[in-house]
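Following: one structure in structure tokens, then a few remarks.
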Amino acid sequence: MNDMDISRIEQEINDFWNRQQIYRVKADTSKPKYYVLDMFPYPSGAGLHVGHPLGYIASDIISRYKRLKGYNVLHPMGYDAFGLPAEQYAIQTGQHPAITSRNNIERYREQLDKIGFSFDWSREVRTCEPEYYKWTQWIFIQLYNSWYNKDTNRAEPVSTLIKQFEEVGSQVHAYASPHEPFTPNAWKQMNEVGQQTILLHYRLAYLADSWVNWCPALGCVLANDEVRDGVSERGGYPVEQRLMKQWSLRITAYAERLLQGLNAIDWSESMKDAQRNWIGKSEGAYVRFSVADTTHQINVFTTRPDTIFGVAFMVLAPEHDLVERITTPEHKQAITEYQKKAAAKTERDRSTDVKNISGCFTGAYALHPFTQKQIPIYIADYVLATYGTGAVMAVPCGDSRDHRFAKHFTALNPFVNVFEGVDVSVEACESKDVVITNSDFLNGLKAPDAIQRCIEELTRMGIGERKTNYRLRDAVFGRQRYWGEPIPVYYKENIPYVLPEHELPLRLPEIDKYIPSETGEPPLARAKDWKYMGIYEYEKTTMPGWAGSSWYFFRYMDPNNPSAFASKEALHYWQDVDFYLGGSEHATGHLLYFRFWTKVLHDLGHVPCDEPARKLLNQGMIQGISSMAARIKGKQVFVSNDILNDYLTEQQLSHDDVQYVYADIHQVSNQKLDTEAFRTWNADYSTAQFVYNNKKEFTVKQFVEKMSKSKYNVVNPDDVVATYGADCFRMYEMFLGPIELSKPWDTQGIDGVSRFIRKLWRLFYNEQGQQLIHNDKAPAEGLKILHRAIKKVNEDLERLSFNTCVSTFMICVNDLSANKYHHAELLKPLLTLLHPFAPFISEYLWLQSGEKTSILDSVYPVADESLLIENTFEYPVSVNGKMRTKALFPLDKDQKEIEAETIQLESVQKWMEGKPVKKIIFVKGRMINIVV
RNA sequence: GCCCGGGUGGUGGAAUCGGUAGACACGCAGGACUUAAAAUCCUGUGGCCAGCAAUGGCUGUGUGGGUUCAAGUCCCACCCCGGGUACCA
């Protein structure tokens with residue numbers, strides 16, 4: 001080959017790898033296993049854009065690196081194929097989502113194949129295939145058939161719960177939904193319906209009422225995302241909060257273990273923080289307040305029982321059960337109106353908007369447990385029904401929301417301040433570093449002591465107790481959608497029963513339209529004759545998007561197993577994920593559920609590991625750069641953005657006369673628009689006139705936003721690969737910056753990587769296409785160049801700094817080129833070192849240099865430290881902390897001598913200005929600082 | 001609002017443990033080669049000031065304070081941008 005023909009090389013090497021089936025992996029006990037996993041993509045209709053492969057490239061580098069280091073690497077890929085966009089598309093076009101999903105997957109596969117990933121495609125999974133979701137349903141059944149035993153601290157089969165019911169009745173130590181207590185005898189005498197109803201309160205998958213955003217016009221529940229200003233984003237219909245009976249998973253039983261488990265895994269602290277905050281453990285107390293003149297009690301959770309003497313009012317969530325019962329007749333109307341207003345807001349709006357304080361007095365009063373004083377009871381939307389007990393004791397001096405509320409309602413002023421020597425007139429004091437006063441038996445105690453003392457007293461009086469609360473809520477599992485896993489449940493006398501395992505999968509039935517039924521039921525209600533055994537109604541909701549992704553990593557271990565979700569052998573060999581890579585936006589969704597399911601499966605003895613992923617890396621997003629051309633409103637006149645102001649002045653126009661329109665990113669280079677391409681791109685612009693700057697250029701305004709078709713800023717990896725080759729694309733994505741940061745895609749700079757690859761090529765071939773590589777002994781300087789790179793790349797890969805690896809390769813190749821080093825002893829280890837980043841060219845040059853087997857079977861180079869030892873160091877010399885000069889000293893030279901010589905340096909003397917030396921800071925091999 | 005990130009030249013970024021700020025690239029400017037262009041190669045390139053020049057000085061990591069012999073890095077306060085906020089995936 002005369003010169004580098006990248007597409008031919010990539011083709012040739014791809015064929016070579018395919019012939020060898022080089023990415024097929026099997027359990028092999030002679031090697032240590034290493035499981036590298038990417039968060040699998042949702043196959044959207046838009047195809048892959050340049051942002052998707054970022055993480056896949058990084059994980060592919062790790063996979064190849066580990067393989068070269070002797071590990072048996074599992075590196076699979078699949079598709080998270082159930083989801084809303086496909087369903088939305090189906091609603092609009094009538095196309096079955098299975099078909100669009102299949103097409104999208106095909107397109108994804110084509111794109112992925114071009115980038116040279118080492119995926120073992122024989123292990124591909126698709127969550128929407130019955131062979132896969134059979135096992136998602138199977139896991140649901142395991143959840144349904146389990147309860148959480150607080151004594152053994154794990155999930156157990158419901159059979160052990162029934163045994164305990166027979167012995168101790170509802171005294172069993174379990175995580176359960178609230179229900180009436182019962183005795184062992186009462187249990188035994190219950191009929192089937194009664195027993196099943198009780199059991200549902202304990203199952204890890206259970207039916208319960210949950211608050212949802214219900215949109216009557218669309219006949220479905222909406223995500224907070226899909227609701228804006230109280231109306232649906234689609235169509236603008238009103239949305240209300242409604243209680244709905246839904247399947248939920250009892251993740252709260254695992255709150256403490258999910259929290260503790262974080263200590264044992266190598267995830268970033270920020271990711272762990274996000275999960276810790278989400279779980280939201282807080283320690284405090286339950287306190288029961290009686291409602292004056294009634295038998296009702298308001299149970300509140302508080303983390304600050306020490307401030308109980310500062311309670312100025314009570315606040316219930318507008319949805320709280322007691323509201324109806326305690327509101328006095330004269331306040332009824334106002335309360336009902338307020339409830340309606342609150343119901344129109346999403347939970348997010350309610351907790352976000354702290355500036356608009358609102359609330360409504362119920363007319364009822366609670367009694368202070370210690371003073372028996374009357375405390376007014378309000379409802380307010382800042383109290384959420386879903387957190388704690390849905391009621392708070394409001395202490396204006398100690399809580400900023402309560403403080404704002406009190407300031408807003410003059411009737412609540414003045415309020416008691418229970419903190420000694422703290423001014424709370426302007427804002428609340430939330431610190432626990434305070435001494436309590438105005439508080440009877442708590443007076444003089446520090447807050448932490450007062451908390452303990454108060455809980456003791458509440459417990460003694462039987463009106464409260466110590467309580468650990470979690471913000472984490474049970475996960476609602478049912479969706480009013482079509483394109484998801486059917487929940488394998490049927491109803492008999494209104495009691496849900498799960499399908500027998502041997503009848504799985506319960507296939508998604510065909511329906512005529514992908515919208516709710518005429519009666520407002522979920523789409524599955526449209527399925528004709530869809531009944532269990534032809535008699536019993538099936539569950540009509542489907543599973544959420546996260547169901548299939550909560551366990552997929554197990555399926556990759558044994559993807560085609562028809563009789564188990566994965567064999568015991570496969571699970572035992574592959575265990576867990578060693579390296580997991582995906583976006584940080586999954587912090588509190590997927591990553592929590594995936595840990596939860598793993599723990600449940602572990603408790604039930606199905607999998608060996610308790611945590612799914614030992615190590616996690618979050619890659620950032622690649623954003624798009626949008627370009628907009630300035631156009632004079634109502635005219636076909638476009639003005640170069642850099643001279644826009646001058647033009648406007650000249651024409652006596654203002655900025656209001658300017659309208660910016662999108663230009664396609666492909667017509668723009670270096671902020672300059674190809675005006676001819678722009679003109680032909682859109683028929684509307686065919687008569688456009690352009691006002692150029694004095695260089696005859698037309699510049700556009702550019703800014704960063706999410707990559708999206710409608711913004712004309714999508715860059716497709718295929719185009720980049722076609723122009724520059726896969727190796728260059730891979731290296732450039734890594735070169736862009738730290739993997740975990742988000743950054744806009746900009747091809748400025750890709751030429752540098754492309755030049756690097758050509759430079760590498762020139763180490764092997766001259767312009768005439770003659771091989772330059774030879775077997776002479778490499779000089780010490782050459783070895784030093786190589787081993788410096790080996791050391792740095794190894795270190796950087798271990799700390800996942802991919803961008804600096806690329807720089808290191810550039811430095812190495814620059815140095816080798818400058819010295820005209822073409823020794824095989826230098827170049828061949830370099831190829832192996834480079835292989836994870838640039839698999840095609842490294843494999844090609846490897847084979848061309850006479851090797852018969854793949855570079856993937858070569859030995860990864862190890863840095864020889866002895867080659868890198870330096871004898872001297874050029875010390876930066878500072879005087880009073882300012883760097884003034886440099887001085888070269890042997891590294892083994894005595895510190896005293898160096899100090900003495902340094903002081904004598906002319907430039908040092910100059911800056912010392914004759915002042916006496918106070919101190920000399922000497923850090924060997926780093927710096928010298930002279931303090932005068 | 002709350003939680004989690006981030007802010008360094010014209011641009012992407014480097015500086016791993018508190019120790020030479022700007023590695024490596026892009027871009028730009030100048031030069032070589034060429035009939036010309038592309039490609040390639042060489043030189044310069046944070047800003048300001050002085051000097052013909054070598055060079056020297058000042059300044060500089062979002063803003064304002066602080067700790068330290070020494071701060072991009074640590075602490076306090078603030079500003080701006082991105083992500084999440086429980087039915088988008």
Side-chain angles (χ1 to χ4, degrees), chain A residues 39 41-42 44 80 82-85 88 210 212-213 220-227 246 268-278 280 347-348 351-355 382 386 400-401 471-481 484 544-546 549 583-590 592 618 620-621 623 670 704-706 732 735-738 740-744 746-753 755-756 758-759 762 767 795-796 799 801 803-804 806-811 814 874-886 918-921 923 926-932:
Chain A
M39 287 185 191
Y42 174 79
S44 87
D80 187 15
F82 274 131
L84 265 189
Q88 220 70 271
S210 323
V212 294
N213 301 316
C220 70
V221 174
L222 298 173
N224 283 331
D225 245 48
E226 300 170 291
V227 185
Q246 310 225 56
S268 70
E269 246 353 90
S270 62
M271 185 55 47
K272 290 184 185 180
D273 277 349
Q275 292 213 342
R276 285 188 190 115
N277 289 325
W278 188 255
E347 196 170 274
R348 195 185 308 176
S351 47
T352 300
D353 189 6
V354 294
K355 289 190 190 91
Y382 78 89
T386 48
S400 53
R401 288 164 308 179
R471 203 180 70 102
L472 182 71
R473 305 204 295 255
D474 278 343
V476 178
F477 198 67
R479 297 288 184 269
Q480 286 66 29
R481 313 281 185 183
W546 50 268
S549 59
S584 58
E585 67 272 22
H586 300 285
T588 51
H590 163 64
L592 206 59
N618 294 115
M621 284 202 321
Q623 297 146 315
N670 222 350
V704 173
E705 60 185 336
K706 208 168 171 171
Y732 183 60
F735 190 56
L736 232 38
E740 63 272 28
L741 295 188
S742 293
K743 52 234 151 192
D746 188 346
T747 39
Q748 270 195 39
I750 198 167
D751 289 331
V753 176
R755 270 171 215 156
F756 158 78
R758 268 175 291 181
K759 249 180 157 168
R762 282 282 164 263
E767 265 102 30
E795 284 171 0
D796 286 358
R799 66 186 178 103
S801 174
N803 55 329
T804 52
V806 178
S807 298
T808 304
F809 287 122
M810 288 173 169
I811 293 168
N814 284 347
E874 190 176 34
Y875 284 89
V877 179
S878 306
V879 179
N880 280 348
K882 268 191 188 300
M883 216 280 283
R884 294 302 182 186
T885 187
K886 288 178 189 173
K918 227 195 231 166
K919 194 158 137 196
I920 298 179
I921 316 275
V923 184
R926 278 243 183 251
M927 47 68 67
I928 302 166
N929 185 15
I930 295 156
V931 187
V932 295

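We name chains A, B, ... by the order of the sequence lines, and we start the count at 1 in each one.
- Looking at A/N618, its side chain never comes within 3.5 Å of a backbone N or O of A/M271 through a donor-acceptor pair.
- Looking at heavy-atom distances under 4.0 Å, A/Q480 makes contact with a base.
- Separation of the P atoms belonging to B/G47 and B/C42 is 23 Å when rounded to the nearest angstrom.
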Atom pairs, protein N/O to nucleotides 65-74 of chain B N/O, distance under 3.5 Å:
| unit_1 | atom_1 | unit_2 | atom_2 | d |
| --- | --- | --- | --- | --- |
| B/C69 | O2' | A/N929 | ND2 | 3.3 |
| B/C69 | O2 | A/N929 | ND2 | 2.5 |

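- Of the listed nucleotides (B/U16, B/G13, B/A86), B/A86 has the atom at the smallest distance from the side chain of A/L472.
- The CZ-P distance, from A/R926 to B/A21, rounds to 13 Å in whole Å.
- Nucleic acid contact class of A/S584 (heavy atoms, under 4.0 Å, all strands): none.
- Annotation: the span from A/T588 atom OG1 to A/L472 atom CG amounts to 10.0 Å, rounded to 0.5 Å.
- Using cut-offs of 30° and 60° for the angle between ring planes, the A/Y732 and A/F735 rings count as tilted.
- Nucleotide B/C2 is matched to B/G84 when pairs are restricted to Watson-Crick or G-U wobble geometry with both distances under 3.5 angstrom.
- The distance between atom CD of A/E795 and atom P of B/A15, rounded to the nearest whole Å, is 12 Å.
- A/W278 comes within 4.0 angstrom of a nucleotide base, judged by non-hydrogen atoms across all strands.
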Test side chain to side chain contact (heavy atoms under 4.5 Å, CB included) applied to A/Q480 and A/V221, step by step: CA-CA 7 Å; A/Q480 286 66 29; A/V221 174; 3.2 Å; yes
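- Computed from coordinates, the A/M883 CE to B/G60 P distance equals 16 Å when rounded to whole Å.
- At a threshold of 4.5 Å between non-hydrogen side-chain atoms, the residues A/N224 and A/N213 count as touching.
- B/A32 and B/U40 make up a base pair, with Watson-Crick or G-U wobble contacts both under 3.5 Å.
- The base-pairing partner of B/A23, taking Watson-Crick or G-U wobble contacts with both distances under 3.5 Å, does not exist among the strands shown.
- B/C17 has its base syn relative to the sugar, with a glycosidic angle deviating from 0 by at most 90°.
- In this structure, the nucleotide among B/G6, B/U20, B/A39 sitting nearest to the side chain of A/K886 is B/U20.
- Using atom C1' as the reference point in both B/A14 and B/C87, the two lie 43 Å apart (nearest Å).
- A distance of about 28 Å separates the C1' atoms of B/G18 and B/A25, rounded to the whole Å.
- Atom OG of A/S878 is separated from atom CE of A/M883 by 7.0 Å, given to the nearest 0.5 angstrom.
- A/V931 is listed as a side-chain neighbour of A/N880, based on a closest heavy-atom distance under 4.5 Å.
- B/C17 makes up no base pair with any nucleotide shown, lacking Watson-Crick or G-U wobble contacts both under 3.5 Å.
- Atom NE2 of A/H586 is separated from atom P of B/A86 by 16 Å (rounded to the nearest Å).
- In this structure a side-chain-to-backbone donor-acceptor pair under 3.5 Å is missing from A/K919 to A/N929.
- In terms of heavy-atom proximity, A/R926 sits nearest to A/P876 at O-CD, 3.1 Å.
- With P as the reference atom, B/U45 and B/G10 are 15 Å apart, rounded to whole Å.
- Using a 4.0 Å heavy-atom criterion, one finds that A/G620 contacts no nucleic acid atom at all.
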Check step by step if side chain to side chain contact (heavy atoms under 4.5 Å, CB included) holds for A/W546 and A/F477. CA-CA 9 Å; A/W546 50 268; A/F477 198 67; 3.4 Å; yes
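- Going from atom NE2 of A/H590 over to atom C1' of B/A86 covers 16 Å, rounded to whole Å.
- Contacts of A/P41 with the nucleic acid, taken as non-hydrogen atoms under 4.0 Å apart, are absent.
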Could you check A/T804 against A/D796 for side chain to side chain donor-acceptor pair (under 3.5 Å), going step by step and ending with a plain yes or no? CA-CA 7 Å; A/T804 52; A/D796 286 358; 2.7 Å; yes
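- Against the 90° criterion about 0, the sugar-base torsion of B/G9 places it in the syn range.
- The CD atom of A/E767 sits 17 Å away from the P atom of B/C33 (whole-angstrom rounding).
- With a 3.5 Å ceiling on both atom-pair distances, the Watson-Crick or G-U wobble partner of B/G46 is B/U59.
- Between the CG atom of A/L222 and the P atom of B/C87 there is a distance of 12 Å, rounded to whole Å.
- Close to B/C87, at under 4.0 Å from its OP1 or OP2, lies a side-chain N or O of A/R479.
- For the P atoms, the distance linking B/U43 with B/C52 amounts to 27 Å, nearest Å.
- A gap of 23 Å separates the P atoms of B/G27 and B/A15, to the nearest Å.
- Judged by atom type and distance alone, A/E585 does not reach the base of B/C4 through any side-chain donor-acceptor pair under 3.5 Å.
- Proximity of A/R884 to the phosphate of B/C58: a side-chain N or O atom is located under 4.0 Å from OP1 or OP2.
- Here the side chain of A/R758 is nearest to one of B/A86, B/G12, B/U40, namely B/U40.
- The P atoms of B/C81 and B/C75 are separated by 24 Å, rounded to the nearest whole Å.
- Within 4.0 Å of A/N213, counting heavy atoms only, lies no atom of the nucleic acid at all.
- Between A/K743 atom NZ and B/G7 atom P there is a gap of 12 Å when expressed in whole angstrom units.
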Tabulate protein N/O versus nucleotide N/O from nucleotides 22-26 of chain B, keeping only pairs under 3.5 Å, one per line.
| unit_1 | atom_1 | unit_2 | atom_2 | d |
| --- | --- | --- | --- | --- |
| B/A23 | N1 | A/S807 | OG | 3.4 |
| B/A25 | OP1 | A/N814 | ND2 | 2.3 |
| B/C26 | OP1 | A/R755 | NH1 | 2.4 |
| B/C26 | O2' | A/G749 | N | 3.1 |

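- Under the Watson-Crick or G-U wobble criterion, with both distances below 3.5 Å, B/G64 is paired with B/C76.
- Of the possible donor and acceptor atoms, none in the side chain of A/E874 sits under 3.5 Å from a partner among the backbone N and O of A/K886.
- B/C26 and B/G46 have their C1' atoms separated by 16 Å, given to the nearest Å.
- The side chain of A/Q246 approaches B/C87 more closely than any other nucleotide in the set B/G12, B/G13, B/C87.
- Along RNA chain B, the nucleotide nearest to A/D796 and the one nearest to A/N277 differ in position, and the one closer to the 5' end is contacted by A/N277.
- Side-chain N or O atoms of A/R481 include none that pairs as donor or acceptor with a backbone N or O of A/G478 at under 3.5 Å.
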